Amino acid sequence: MNTAIRGNIKSTVLEKIVESQPHSVFFIADYTDLGAAETIRKILFEATLRGILEKAAHGIYVKPKVSRFGKVPIPLEKLAKEIAERDKCRILPTGSTAANLIGLSTQVPMNLSYITTGSTRTVEIGNRKIFFRHASPKNFAAKGTAMPLLIQGLREISEENIAGAEFEAIRRFIEKQQDPYLQEDLRLAPIWIQRIIKKILQNETLATAKP
């Protein structure tokens, strides 16, 4: 490649990096319209040598964020969303990831798990991992955001483990979400999950009706 052309590509890429916010994510594929993938990889690698970027995983780079306490790791949730956006697919937290987001588990999972409309794969970020598992489109049929997460989280806990504390966690989650499609999306849930959600919603309605 002509040195001048490569220099222009490098300047363009570095300018975008410098102007971006900390924890911005950069993919080699973002800039292949400017030049060959190998050229972009070399430019991003040079940026890591200069400390402008850090390599998070294969083909994935992150602009560091530093607080007065030191370097702040990028949240894996943000990386997962950025990867999904790059791949033009949808993702939904599942397993212990979903249970934690709902409040059914206080243990923050070391690794994150998602179902996706994209391909099944594992992305390693240091000593942590993001698991993506391909799932059928019916898992993404809901109009709102609350019910899909409730379905995944409750499946992780299972019906026999839903008691008083779990009911309260679900109630708080529903109140916080304020999802206008919750009732409509309820039909997509397994019957046992429908029973739990309906019981919570009926109790809320009765409580609201009191003078």
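From a predicted model like this one, the values you see are computed outputs, not experimental measurements.
Across Ile91, Ile115, Thr122, Thr116, a single residue satisfies side-chain contact (heavy atoms from CB on, under 4.5 Å) together with Arg133, and that is Ile115.
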| task | Apply side chain to side chain contact (heavy atoms under 4.5 Å, CB included) to Ile83 and Phe132, showing your working. | result | CA-CA 10 Å; Ile83 292 170; Phe132 296 102; 4.3 Å; yes

| message | Could you go through Arg50 and Leu14, starting from their C-alpha distance and side-chain angles, then the distance that decides it, and tell me whether this counts as side chain to side chain contact (heavy atoms under 4.5 Å, CB included)? | response | CA-CA 11 Å; Arg50 293 170 55 181; Leu14 291 180; 3.4 Å; yes

| request: Show your reasoning for whether side-chain hydrogen bond (donor to acceptor under 3.5 Å, both in side chains) applies to Asn100 and Thr97. | output: CA-CA 5 Å; Asn100 177 260; Thr97 304; over 6 Å; no

| Do Leu34 and Thr39 pass the side chain to side chain contact (heavy atoms under 4.5 Å, CB included) test, and can you show the C-alpha distance, the side-chain angles, and the key distance before you say yes or no? | CA-CA 9 Å; Leu34 299 176; Thr39 299; over 6 Å; no

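A cation-pi arrangement is absent between Arg90 and Phe140 under the rule of less than 6.0 angstrom and at most 45 degrees off the ring axis.
The closest donor-acceptor contact from the side chain of His23 to the backbone of Val72 lies under 3.5 Å. Looking at Thr32, its side chain never comes within 3.5 Å of a backbone N or O of Ala37 through a donor-acceptor pair. Checking side-chain atoms of Thr94 against main-chain N and O of Gln152 turns up no donor-acceptor pair under 3.5 Å.
Between atom CD1 of residue Ile170 and atom CG of residue Leu201 there is a gap of 10.5 Å, rounded to the nearest 0.5 Å. Remark: Ile157 CD1 to Ile193 CD1 distance equals 11.0 Å, nearest 0.5 Å. Separation of atoms CD1 (Ile60) and NE2 (His58) is listed at 9.0 Å; rounding is to 0.5 Å. The line from CE of Met110 to CG of Asn127 is 3.5 Å long, rounded to the nearest 0.5 Å. Taking CZ from Arg121 and NZ from Lys129, the interatomic distance works out to 15.5 Å, rounded to the nearest 0.5 Å. Phe131 CZ to Asn111 CG: the interatomic distance, rounded to the nearest 0.5 Å, is 5.0 Å.
Contact record, Lys16 with Phe26: O-CZ, 4.2 Å, taken as the closest heavy-atom pair. The two residues Lys198 and Leu186 make their nearest non-hydrogen contact at CG-CD2, 3.6 Å. Heavy-atom minimum distance, Ala56 versus Val62: CB-CG2, 3.8 Å. Leu44 approaches Leu53 most closely through the heavy-atom pair CD2-CD1, 3.7 Å. Shown here for Arg155 and Pro190, the closest heavy-atom pair between the two residues is NH2-CG, 3.8 Å. Shown here for Asp179 and Ala146, the closest heavy-atom pair between the two residues is OD2-N, 2.9 Å.
For Phe167, the CZ atom counts as densely surrounded, since its 6.0 Å shell holds more than 12 non-hydrogen atoms of other residues, nucleotides or ligands. Residue Gln183 places its CD atom among 12 or fewer non-hydrogen atoms of other residues, nucleotides or ligands, all under 6.0 Å distant. Counted within 6.0 Å of CD on Glu85, heavy atoms from surrounding residues, nucleotides or ligands total 12 or fewer; the atom is thus considered open. Counted within 6.0 Å of NZ on Lys63, heavy atoms from surrounding residues, nucleotides or ligands total more than 12; the atom is thus considered enclosed. At most 12 non-hydrogen atoms from other residues, nucleotides or ligands lie less than 6.0 angstrom from CD of Gln21.
Between the side chains of Glu160 and Ser158, at least one donor-acceptor pair of N or O atoms lies under 3.5 Å.
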